[in-house]
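Step one of this worksheet: look at the structure below.
Hydrogens, waters and symmetry mates are skipped; everything else that's a heavy atom, side chains included, is used. Given the structure is predicted, the values throughout are model-derived calculations rather than measurements.
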Amino acid sequence: MKRAADRLELVADPVRRTGRMLLSGGVEQSYVDVEDPRHLHFEYVRRIASAVDLAAPPGDPLNVLHLGGGALTLPRWLAATRPGSAQRVIERDPAVVELVARELPVLPPDVEVEVADAREAVAASPPGRYDLVVADIYRAARMPRHVRTVEFAAEVARTLRPDGLYLVNVTDLPPLVGTRVQVATLRAVFGDVCVLGDRRMLRGRRYGNLVLAATPRPGGLPVGRLAVAALRDPVPGGLLHAAALDGFVAGARPVTDADNPAPK
């Protein structure tokens with residue numbers, strides 16, 4: 001018998017007629033508007049989308065790797081806003097893939113979904129293939145150990161083009177220890193890193209989601225435009241970069257595979 005904590009459901013939004021929420025064990029995981037893929041319900045998803053909007057001129061197709069699929073909100077949004085984007089989605093849970101394929105609109109042909117482990121998929125990818133890698137990888141509300149190390153970040157960096165972008169959704173609670181460690185880990189690999197989120201989250205005052213943005217090239221992030229986009233969101237956000245980020249991660253050290261010997 002399937003445990004309640006593992007139960008997957010797609011439920012209708014009582015407020016928005018065309019909205020559908022993917023729940024795992026009763027916890028909200030993804031939101032899709034079945035008639036308007038451009039509608040982004042969750043704040044952190046909008047922050048990811050705003051960063052993607054700055055990755056290339058509007059409408060230009062991108063080569064994208066999604067680590068974690070859920071209801072495929074971002075692949076649907078990208079297909080609508082950047083037609084022709086080649087998108088590969090890695091989702092570990094076949095039950096999620098089956099439910100989404102059965103209950104939600106058919107995906108555009110340029111979106112390929114694979115049931116696989118994120119780290120294994122990244123390791124098997126050729127160098128310099130992607131313009132964008134988006135990681136939203138959670139199991140039982142935690143980011144698995146093997147996808148939050150320096151070695152994994154280095155594998156992601158290897159698959160990116162020199163001006164490519166890596167975006168990571170981090171779920172955390174005060175005092176944001178996990179986020180600080182993950183930022184330190186990304187800074188050990190990438191040339192430029194910043195954090196985007198609700199200003200209350202950045203101050204360690206609430207539980208929620210933060211988005212980490214990283215690029216291989218030093219000074220490669222459009223931090224000014226990212227900050228403006230964060231402020232314009234319905235939930236106004238902030239950005240930590242450079243000296244402000246130094247203060248945020250003070251005392252945190254990168255985590256390596258050797259620090260995480262437990263199985264995947």
Whether Tyr44 and Phe42 hold their rings parallel, tilted or perpendicular, with breakpoints at 30° and 60°: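 Tyr44 vs Phe42 ring planes: parallel.
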Parallel, tilted or perpendicular, as decided by the 30° and 60° cut-offs, for the rings of Tyr166 and Phe152: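 Ring orientation, 0 to 90° scale: perpendicular.
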Is there side-chain contact between [X] and [Y], with at least one heavy-atom pair below 4.5 Å?
X: Leu74; Y: Val134; value: yes
X: Phe190; Y: Pro216; value: yes
X: Ser24; Y: Leu8; value: yes
X: Asp136; Y: Ile48; value: no
X: Asp60; Y: Arg82; value: yes
X: Ser50; Y: Arg232; value: no
X: Glu120; Y: His146; value: no
X: Val32; Y: Leu72; value: no

Salt bridge [X]-[Y], side-chain N to carboxylate O under 4.0 Å:
X: Glu155; Y: Arg158; answer: yes
X: Arg119; Y: Asp117; answer: no
X: Asp246; Y: Arg187; answer: yes

Hey, is the main chain of [Y] close enough, under 3.5 Å, to the side chain of [X] for a donor-acceptor pair?
X: Asn63; Y: Asp131; value: no
X: Arg38; Y: Ala80; value: yes
X: Arg180; Y: Pro175; value: yes
X: Arg20; Y: Tyr31; value: no
X: Thr159; Y: Gly128; value: no

Residue pair Arg47 / Val235: nearest heavy atoms and the distance that separates them: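 Where Arg47 meets Val235 most closely, the heavy atoms are NH2-O, 2.6 Å.
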From Asp53 atom CG to Leu226 atom CG, the distance as rounded to the nearest 0.5 Å: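 Going from CG on Asp53 over to CG on Leu226, the span is 10.5 Å.
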Point-to-point distance, once rounded to the nearest 0.5 Å, from CG of Leu107 to CD of Gln87: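 Rounded to the nearest 0.5 Å, the CG-CD separation comes out at 9.0 Å.
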Arg206 CZ: over 12 foreign heavy atoms closer than 6.0 Å: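 It does: Arg206 CZ has more than 12 such atoms within range.
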